[in-house]
Protein chains: 2
Amino acid sequence: MGKLTAQAIAERALEIGDAEGLDAVTIRRLATDLGVTPMALYWHYKNKELLLLGMADHLIGGFAPRPADERPWQAQLRDLTEGLIRTLRAHPCAKNVLEQIDPVAAPNFLQVWDRALALARSAGFSVEESCLLTKYLLQSAIAIADAPVHFTAGKSSEEIEQLARAKRFGLQSLSAERYPHLVEMAEPMAGGVDPAMYDTFGVDLVLGGIEALAARR
Amino acid sequence: MGKLTAQAIAERALEIGDAEGLDAVTIRRLATDLGVTPMALYWHYKNKELLLLGMADHLIGGFAPRPADERPWQAQLRDLTEGLIRTLRAHPCAKNVLEQIDPVAAPNFLQVWDRALALARSAGFSVEESCLLTKYLLQSAIAIADAPVHFTAGKSSEEIEQLARAKRFGLQSLSAERYPHLVEMAEPMAGGVDPAMYDTFGVDLVLGGIEALAARR
DNA sequence: ACCTGAACACCGTTCAAGT
DNA sequence: ACCTGAACACCGTTCAAGT
């Protein structure tokens, strides 16, 4: 039915990756799912690397940063970061996908990066500083989006509890002499953290660092 | 001859990964390099996942965080971060390896994490906050260590210039309307950043964020 | 305890061929 | 332009067997 198109392939690949992990996204598996021969995919993507890139670009395509306005750069940068996090959060495999591609080859990623660069420059950072700072910001956003919040997505609360229990047990069975603080914190470590708290704390941390540095020049 | 031991396998695997990328680290390739049958490796590592874990642990094993002292937590946390970065910097494939393992299964990683947790707690952060904060700190250290500084390692200066030129060209050939700031910053983006500046700036950013948050409570 | 040999079920990719 | 079929060179891993 739905025609076989580069876009449709990327979408199906993301579905598989989100549901079963990126390792399950295989040319052959993907082709089977799409009711087509593996070689058919090679017409739309020259190789797997480009397929990954298509997945990444489609992923970030769900996020259109709002254009510059008159608010202070801090607020705009925070908006950008939170928006990106929300978008990535929708795809459990987002971090995995983004790790495997060259970001410079993904147009939609470049769009976000360019916005971040503009804001960094307007904050008074030098060209070099803005480069590092934006790399760092985007990287952090990806890390924050990949929080252990995923589990709450498609799974039943029993499954969540199951996973948390397993993780807690693993941490508690560690040597309490070697890792006293880890053992002590088994409870929150196991994933019992409020998602909203996680995000605001993470964004505060990143933005706080940037603002502190900006204030020093 | 060097006996075939789990340690020797992990070391050789790291050498391959550093020199040719983690994708080149294959059970069969590794076995050939070690002059042994692929199946021989399965005696020392039950599967590839555990081999990766062995690589990661051996990697971080090169870094022994100094014990707690009487200095303020900021200085100690900075020391820890810089030490970790230096260690990871020695292995170009470090980030790749660490991305593919469950950190909780790597004893040496847990050691560093525990130290970070202790410092976060002593800074006045709550248990939950310390969890998030340390996750974030370690993740950032890994990202900073993976800076585009690697290229200076084993390669000739001509090769470096070659790579930088290629990247610069790629950036400059982007649509200047769509990504004005990226094009404008092609030069530093292409990797022409002072490594020392990169590191101190990165650490300042991360530590600055943490200190700013600590000061607010 | 430590390693080999043969085999299995999978990969990504090429290349010629079909419509 | 878009897709198929057959083939190639690789994977990780199991299992029985050797010393």
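Everything numeric in this text was worked out from a predicted model, so none of it was measured. A note on names: the letters A, B, ... follow the listed sequences, proteins ahead of strands, and every chain is numbered from 1.
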Trainee: Assess the residue pair A:L41 and A:L51 against the criterion (side-chain contact (heavy atoms from CB on, under 4.5 Å)); give the C-alpha distance rounded to whole Å, side-chain angles, the decisive distance to 0.1 Å, and a yes or no.
Mentor: CA-CA 9 Å; A:L41 305 187; A:L51 169 62; 5.6 Å; no
Trainee: Do the side chains of A:R78 and A:D204 get close enough for a salt bridge, i.e. N-O under 4.0 angstrom?
Mentor: yes
Trainee: Identify, with sequence neighbours excluded, every residue that meets salt bridge (charged side-chain N to carboxylate O under 4.0 Å, His left out) alongside A:D23.
Mentor: none
Trainee: Within residues 9-27 of chain B, which residues have any heavy atom lying less than 4.0 Å from an atom of DNA chain C?
Mentor: none
Trainee: So does A:T81 get a backbone contact from the side chain of A:R86, meaning a donor-acceptor N/O pair under 3.5 Å?
Mentor: no
Trainee: Tell me whether A:Y45 contacts the main-chain N or O of A:G54 through its side chain, where contact means a donor paired with an acceptor under 3.5 Å.
Mentor: no
Trainee: With sequence neighbours excluded, tell me which residues meet side chain to side chain contact (heavy atoms under 4.5 Å, CB included) with B:E11.
Mentor: B:Q7, B:H58
Trainee: Counting distance only, does the side-chain N/O of B:N96 pair as donor-acceptor with the main-chain N or O of B:L22 below 3.5 Å?
Mentor: no
Trainee: Kindly write out the residues that satisfy side chain to side chain contact (heavy atoms under 4.5 Å, CB included) with A:S130, not counting sequence neighbours, or none if the list is empty.
Mentor: A:L117, A:A120, A:R121, A:F125, B:M185
Trainee: With A:R29, which residues qualify under salt bridge (charged side-chain N to carboxylate O under 4.0 Å, His left out), at least two apart?
Mentor: A:E20, A:D33
Trainee: Report the C-alpha separation of A:E82 and A:D199 in whole Å, then their side-chain angles, then the decisive distance to 0.1 Å, and conclude whether the side-chain contact (heavy atoms from CB on, under 4.5 Å) test is met.
Mentor: CA-CA 8 Å; A:E82 288 174 346; A:D199 279 12; over 6 Å; no
Trainee: For B:E49, enumerate each residue passing the side chain to side chain contact (heavy atoms under 4.5 Å, CB included) test, keeping only those at least two apart in sequence or located in another chain.
Mentor: B:N47
Trainee: Run the side-chain contact (heavy atoms from CB on, under 4.5 Å) test on A:H91 and A:M55 for me, step by step, so that the C-alpha distance in whole Å, both residues' side-chain angles and the decisive distance to 0.1 Å come before the verdict.
Mentor: CA-CA 11 Å; A:H91 291 278; A:M55 291 172 70; over 6 Å; no
Trainee: Got a sec, which residues hit side chain to side chain contact (heavy atoms under 4.5 Å, CB included) with A:S126, two or more places apart in sequence or on another chain?
Mentor: A:E128, A:E129
Trainee: Using a 3.5 Å limit for the pairing distances, which stems of at least 3 consecutive Watson-Crick or G-U wobble pairs does DNA chain C take part in?
Mentor: C:4-8 with D:12-16, C:12-16 with D:4-8
Trainee: For nucleotides 2-9 of chain D, give me one character per nucleotide, 5' to 3': B if any protein heavy atom sits under 4.0 Å from the base, S if the only such contacts are to the sugar-phosphate, - if neither.
Mentor: BBBBBB--
Trainee: Can you measure B:Y42 atom OH to D:dG18 atom P for me and round it to whole angstrom units?
Mentor: 22 Å
Trainee: Let's see if you get this right: which residues in residues 45-52 of chain A place a heavy atom under 4.0 Å from DNA chain C?
Mentor: A:N47, A:K48
Trainee: Return the residues of residues 97-106 of chain B meeting this criterion: a heavy atom under 4.0 Å from some atom of DNA chain C. Order them by number, or give none.
Mentor: none
Trainee: Would you give me the side-chain donor-acceptor pairs under 3.5 Å for residues 98-112 of chain B, sequence neighbours excluded?
Mentor:
{"residue": "B:D102", "atom": "OD1", "partner": "B:V104", "partner atom": "N", "Å": "3.3"}
{"residue": "B:N108", "atom": "ND2", "partner": "B:D57", "partner atom": "O", "Å": "2.9"}
{"residue": "B:N108", "atom": "ND2", "partner": "B:D57", "partner atom": "OD2", "Å": "3.3"}

Trainee: Is a donor on one side and an acceptor on the other found under 3.5 Å between the side chain of B:R168 and the backbone of B:A186?
Mentor: no
